[in-house]
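Worksheet: one structure, shown below.
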Amino acid sequence: MTPEGVLEELRGLKLLTIQDYDKINPLDRAVDHGGSWSRVNAPIDEYDRNYPQRLKEYLGIDLLIANSDELNQEIGKVSEEKAEEIADIWIDEAKEVRRGVTREDVIRAAGLYLALKKLIERYNADAITMASWHLAGHSNKEPVTNVMPPLSWMELSKEHIPCSCESLIDCLVTQTIGACLTEGHAGFVGDILNDWVDWPSRLRGADPGDVVIVGHCGAPITPHGDDRIPYTIRDHVISGADWAKLFEPEETVTATTVDWPSDEVCSIVKFDVYRKKVFVCTGTVLDGDALYESFSDTVCRNKMVVRIDDPEVYHAFPNKFRRDWGIHPVVFYGDLREEIRSFAELIGFDVMA
């Protein structure tokens, strides 16, 4: 799609965030704009007041906010029969359901998906995110949800609805733009995990070089648009967290592990709406399970290993990227550099790498 066509496609779109705080993007701002867990409950500032207006002015996109009461009300209305039907489809489609995850666990996740669909319909939304960790108790005095959204994100990716955890608005914007530019490629949002684990000690063989490891517990299964990559249903990394008080010991919180296609070109992208900037670089997706021991079972349940093409750009990860762009990038299959640059020129954004 042409840059002009993308901008026309974006005008009038509605992005929905489900959150119980008034901050915008508190977990994912660049450091100089106060991005961190500790900022979630801070008073609103100029960024929070101006972000929605800038999003509308620059891209024509509306930002809508729902709260957990609305979500829980919809969860309470879900038909058990319908949730069972969705859950059984997921179980049948999965290549595996890991030990410890029961059908009841998957049904509970299906109830969240159906509730999210109701909110999407109510708000006439085109993309959705929710403050999943916060609502489950992280940096929140009272946890208010007992289900996490990875299986919802998997299902919504089939419907070409951009979605992500943690109310990451810039990431949701990036996913939405990327989907328009590629006519349907779903972007994978994740934390940069390079310094979370001693990855070199887990290598099965030679060091792959300048790699960035991006991970989250939820992921799309449509990275090329209309494909369906294999997925496993399994436990979420939140399982066993002592602060997630609404999760009962006998309940396994569900997530997915997807099988990313390897040896393909990808782009790491991040739009910073407030500052009118966009980051883009390219790399190659590698097979993480072939590279590292216990790869899929370590921290985030979905992880993508990307070998960065430009060694100088690689050295921006993770610390410089976090400082300048926030915690989470978005990865798309395909080389999007020219498309991103053309679109950025049209909307007056600076391209950085």
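Quick note: residue numbers are just sequence positions, from 1. Just so it is clear, the model here is predicted, and its values are computed rather than measured.
From Asn41, atom CG reaches atom OH of Tyr21 across 9.0 Å, with rounding to the nearest 0.5 Å. Once rounded to the nearest 0.5 Å, the distance linking CG of Leu119 with CG of Leu71 reads 6.0 Å. With values rounded to the nearest 0.5 angstrom, Ile308 atom CD1 is found 9.0 Å from Thr284 atom OG1. Between the CD atom in Glu339 and the SG atom in Cys180 there is a gap of 13.0 Å [rounded to 0.5 Å]. One finds the CG atom of Asp88 at 6.5 Å from the CD1 atom of Ile107 (value rounded to the nearest 0.5 Å). The CH2 atom of Trp260 sits 10.0 Å away from the CD1 atom of Ile221 when rounded to the nearest 0.5 Å.
Two different hydrophobic clusters hold Val269 and Ile213 under the rule that ILVMFWY side chains link at heavy-atom gaps under 4.5 Å. The same ILVMFWY cluster, assembled from side-chain heavy atoms under 4.5 Å apart, contains both Val280 and Met1. The same ILVMFWY cluster, assembled from side-chain heavy atoms under 4.5 Å apart, contains both Ile192 and Ile268. In the hydrophobic clustering of this structure, Leu291 does not group with Phe317; members are Ile, Leu, Val, Met, Phe, Trp, Tyr whose side-chain heavy atoms approach within less than 4.5 Å, directly or through other members. There is a path of hydrophobic side-chain contacts, each under 4.5 Å, that joins Phe271 to Leu346.
For an aromatic pair to be called close, the ring centres must be under 6.0 Å apart, and His185 with Phe332 fails this. Aromatic rings of Trp199 and Phe295 (six-membered ring for Trp) have centroids within the 6.0 Å cut-off, being under it.
Tyr51 and Asp170 form a side-chain donor-acceptor contact under 3.5 Å, judged by distance and modelled atom types alone. Counting only N and O atoms by type, the side chains of His328 and Asp191 include a donor and acceptor under 3.5 Å apart. Checking Thr252 against Arg234 by side-chain atom types alone, no donor-acceptor pair falls below 3.5 Å. There is a side-chain donor-acceptor pair under 3.5 Å between Thr102 and Asp105.
Ionic pairing of Lys158 and Glu155 is present here: one or more N-O contacts between side-chain nitrogen and carboxylate oxygen are shorter than 4.0 angstrom. Taking 4.0 Å as the cut-off between side-chain N and carboxylate O, Lys277 and Asp324 do not count as a salt-bridged pair. Comment: Lys117 does not engage Glu74 in a salt bridge, judged by the lack of any side-chain N to carboxylate O separation of less than 4.0 angstrom. For the pair Asp297 and Arg98, the salt-bridge criterion is met [side-chain N within less than 4.0 Å of a carboxylate O].
A donor-acceptor pair under 3.5 Å links the side-chain atoms of Arg301 to the main chain of Asp235, judged by distance alone. A donor-acceptor distance shorter than 3.5 angstrom exists from the side chain of Asp20 to the backbone of Ser68, with no hydrogens or angles considered. Proximity of a side-chain donor or acceptor of Ser262 to a complementary backbone N or O of Asp287 within less than 3.5 Å is not detected. Formation of a donor-acceptor pair under 3.5 Å by the Ser164 side chain with backbone atoms of Leu172 is not found in this model. Ser157 contributes no side-chain N or O that, together with a main-chain N or O of Pro220, makes up a donor-acceptor pair within less than 3.5 Å. Side chain of Asp28 to backbone of Leu168: no donor-acceptor contact under 3.5 angstrom is found. Proximity of a side-chain donor or acceptor of His236 to a complementary backbone N or O of Ile238 within less than 3.5 Å is detected. The backbone N or O of Asp48 sits less than 3.5 Å from a side-chain atom of Asp45, completing a donor-acceptor pair. Asn302 contributes a side-chain N or O that, together with a main-chain N or O of Cys217, makes up a donor-acceptor pair within less than 3.5 Å. In this structure a side-chain-to-backbone donor-acceptor pair under 3.5 Å is present from Glu70 to Asn67.
Nearest approach of Val313 to Cys281, heavy atoms of both residues: CG1-CB, 3.8 Å. In terms of heavy-atom proximity, Ala87 sits nearest to Ala110 at N-CB, 4.0 Å. Closest of all the heavy-atom pairs between Tyr314 and Val211 is CE1-O, 3.1 Å. The minimum heavy-atom distance between Met148 and Val253, with the atom names listed, is CG-CG1, 3.4 Å. For Thr129 against Ile169, the heavy-atom pair with the smallest separation is CG2-CD1, 4.0 Å. Listed here is the closest heavy atom pair of Gly334 and Ser267: O-OG, 2.6 Å.
Listed by chain and number, the residues in a salt bridge (charged side-chain N to carboxylate O under 4.0 Å, His left out) with Arg341 are Glu338 (sequence neighbours excluded). When the salt bridge (charged side-chain N to carboxylate O under 4.0 Å, His left out) test is applied to Glu293, the partners found at least two apart in sequence or on another chain are Arg204. Not a single salt bridge (charged side-chain N to carboxylate O under 4.0 Å, His left out) links Lys276 to another residue, sequence neighbours left out.
Atom CD of Gln53 is surrounded by 12 or fewer heavy atoms from other residues, nucleotides or ligands within 6.0 Å. Within 6.0 Å of CD in Glu345 there are 12 or fewer heavy atoms belonging to other residues, nucleotides or ligands. Environment of CG in Asp22: sparse, with no more than 12 heavy atoms of neighbouring residues, nucleotides or ligands closer than 6.0 Å. Counting heavy-atom neighbours within 6.0 Å of Lys14 NZ, excluding the residue itself, gives a total above 12.
Counting heavy atoms from C-beta on, the side chains of Lys23 and Val40 never come closer than 4.5 Å. Residues Val299 and Val197 meet the side-chain proximity criterion, which asks for heavy atoms closer than 4.5 Å.
Between Phe321 and Phe279, the two ring planes are perpendicular [angle over 60°; tilted spans 30° to 60°].
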I would like to know whether Trp153 and Phe188 meet ring-ring contact (aromatic ring centres under 6.0 Å, His included); could you show each step before the answer?
CA-CA 10 Å; Trp153 301 157; Phe188 173 51; over 10 Å; no

Using the rule given for side chain to side chain donor-acceptor pair (under 3.5 Å), can you reason through Glu81 versus Ser79, listing the C-alpha separation, both sets of side-chain angles and the distance that settles it, and then say yes or no?
CA-CA 5 Å; Glu81 182 179 354; Ser79 158; 5.0 Å; no

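Geometrically, Arg29 does not engage Trp325 in a cation-pi contact defined by less than 6.0 Å to the ring centre and at most 45° from the axis. At least one test fails for Arg202 against the ring of Tyr292: distance under 6.0 Å to the centre or angle within 45° of the axis.
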